[in-house]
Chemist: 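Sharing a structure below in structure tokens format, with a few things to ask.
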Amino acid sequence: MKKSPQTQLIHAPRLAPQYIETIQPPLYRASTIIFENTQKLFDRHWSDRYDYSYGTHGTPTTYTLADKIAQLEHGQYCLLAPSGLSAVNLVNSALLKSGDEVWVPDNIYGPSMAHARYLEKNFGVIVRIYNPLDCDSFQPSKQTKLLWLEAAGSVTLEFPDLVNLVKKAKQHQITTVLDNTWGAGLAFNAFDFSDEHLSVDISVHALTKYPSGGGDILMGSVVTQDHTLHLKLLHLHATQGISVSGDDCAQIQRSLAHMQLRYQQQSMTAQTILQWLKQQNKIQQVLHPSDSLSAGHEFWLEVCQDQQSAGLVSVIFQEQYTLEDIRRFCDALQLFKLGFSWGGPVSLVMLYDLKEMRNLEHPHLANGFLVRFCIGLESSEDLITDIKQALQVL
Ligand SMILES: *Cc1c(COP(=O)(O)O)cnc(C)c1O
């Protein structure tokens with residue numbers, strides 16, 4: 001067939017795929033995926049990943065990353081979502097309906113709490129809040145369908161009584177889902193975390209944090225071990241059009257190679273800074289699972305047997321300091337940038353007023369404004385020097 005120059009530009013001959021090995025896998029970008037023939041078109045099935053049919057369902061690029069994340073977290077199946085919060089939404093939307101009860105820890109990631117509240121207001125889901133340090137505060141009923149866990153919890157970093165909470169949920173046949181962003185598949189194995197081989201059913205991970213490692217990409221994942229549960233999630237994933245870009249997957253895939261090294265480095269720097277912060281008299285309380293005075297420390301020791309912890313450290317300032325003082329402290333920091341998220345190269349700081357954040361009493365936390373440091377890859381000496389100079393403004 002003779003072709004016009006315009007057509008030739010589109011249908012120019014391509015090199016046929018042939019064996020070539022590179023460090024990183026090839027990148028597929030696709031909305032349309034071309035079927036070999038009508039037989040392939042008619043034979044495809046939505047749940048078979050190798051029946052490539054359309055970009056939203058996945059390409060070798062998205063599946064390569066999904067498989068790596070499943071492996072990282074010691075699970076079997078993985079679905080990718082455009083953000084960590086979207087992964088939270090995927091789980092809730094697939095497993096909860098009107099009249100069902102979901103239990104969330106009081107220190108759950110703020111937007112996850114907001115999502116639960118949204119389901120409560122608009123879809124008749126019942127939201128119950130428990131104290132992650134006290135298994136007795138989790139009181140499942142016949143309506144309870146889902147137990148959310150977060151280890152360690154957001155901002156105040158209490159490590160939950162994971163063993164007893166999961167045991168209790170299992171006794172009542174309640175699906176357990178862990179927000180595993182902090183542990184990232186490295187601090188402990190969510191699918192086998194105790195001597196009794198306890199496992200959560202689902203692990204949600206904000207890949208935005210450590211797997212991305214750059215502070216520039218948003219993505220989330222949902223990892224499972226049970227095929228039926230995976231199919232339930234996959235069905236919603238497909239019907240809601242939840243999909244991610246091949247380019248973003250390739251970037252995260254690239255960063256995974258050094259994720260463990262970054263995680264170890266950031267947690268080491270965090271521990272060094274923690275020791276220094278403990279000696280500062282303007283600071284009333286430090287919050288970190290490795291600190292023996294922090295709530296949940298014993299649960300952390302029980303589950304994180306290599307004593308790994310992420311690069312997050314929170315502090316509560318002495319009560320005499322006002323919001324204006326703490327704002328001046330944050331504004332005076334130079335290396336620590338004011339921003340949400342973590343896991344990237346740049347250290348971050350965020351300030352919080354606990355009074356506006358918790359539903360239950362929290363006697364283990366001092367009164368005062370809280371600042372969370374998210375440790376990047378700078379040297380610990382430079383970061384300490386920065387905090388030291390900023391403390392001068394108080
Ligand atoms: C950041 C984060 C999320 C949400 O991830 P995004 O990609 O920012 O939506 C969920 N859970 C935890 C614990 C997080 O830190």
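None of these values were measured; they are calculated from a predicted model. Just so you know, ligand 1 is whichever comes first in the structure, and atom 1 is the first atom listed for that ligand.
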Chemist: Checking a contact table here: which protein heavy atom is nearest atom 8 (O) of ligand 1, and how many Å away?
Modeler: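 Result for atom 8 (O) of ligand 1: Y109 OH, 4.0 Å.
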Chemist: At a 4.0 Å threshold, what atoms of ligand 1 neighbour a non-hydrogen atom of E150?
Modeler: 13 (C)
Chemist: If we only count N/O pairs under 3.5 Å, is T208 in contact with ligand 1?
Modeler: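 Yes, since at least one N or O of T208 sits under 3.5 Å from an N or O of ligand 1.
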Chemist: I'd like to know whether D382 forms a side chain to side chain donor-acceptor pair (under 3.5 Å) with S379, so could you lay out the CA-CA distance, the side-chain angles of the two residues, the decisive distance to 0.1 Å, and finally the verdict.
Modeler: CA-CA 5 Å; D382 291 345; S379 88; 3.3 Å; yes
Chemist: Which atoms of ligand 1 sit under 4.0 Å from any heavy atom of L85?
Modeler: 4 (C), 5 (O), 6 (P), 9 (O)
Chemist: Do NZ/NE/NH1/NH2 and the carboxylate oxygens of D291 and K278 come within less than 4.0 Å?
Modeler: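 Judged by the 4.0 Å cut-off on N to carboxylate O distance, D291 and K278 do form a salt bridge.
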Chemist: Which of the atoms of ligand 1 are close to K209, meaning less than 4.0 Å from one of its heavy atoms?
Modeler: 1 (C), 2 (C), 3 (C), 14 (C), 15 (O)
Chemist: Looking only at non-hydrogen atoms, which of V204, D179, N180 approaches atom 11 (N) of ligand 1 most closely?
Modeler: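 It is D179 that holds the nearest heavy atom.
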Chemist: Can E101 and K142 be counted as an ion pair, charged N to O under 4.0 angstrom?
Modeler: no
Chemist: Counting from 1, what ligand 1 atoms have a heavy atom of W342 closer than 4.0 Å?
Modeler: 15 (O)
Chemist: Would you mind checking if R328 and D331 are paired as a salt bridge, meaning a charged N to carboxylate O distance below 4.0 Å?
Modeler: no
Chemist: Closer than 4.0 angstrom, basic N to acidic O: yes or no for K40 and D43?
Modeler: no
Chemist: Quick one: do D353 and R358 make a salt bridge, cutoff under 4.0 Å?
Modeler: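 Not counted as a salt bridge, because no side-chain N and carboxylate O are separated by less than 4.0 Å.
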Chemist: If you count the atoms of ligand 1 from 1 in the order shown, which ones are under 4.0 Å from a heavy atom of G84?
Modeler: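 It comes down to these atoms of ligand 1: 4 (C), 5 (O), 6 (P), 7 (O), 9 (O).
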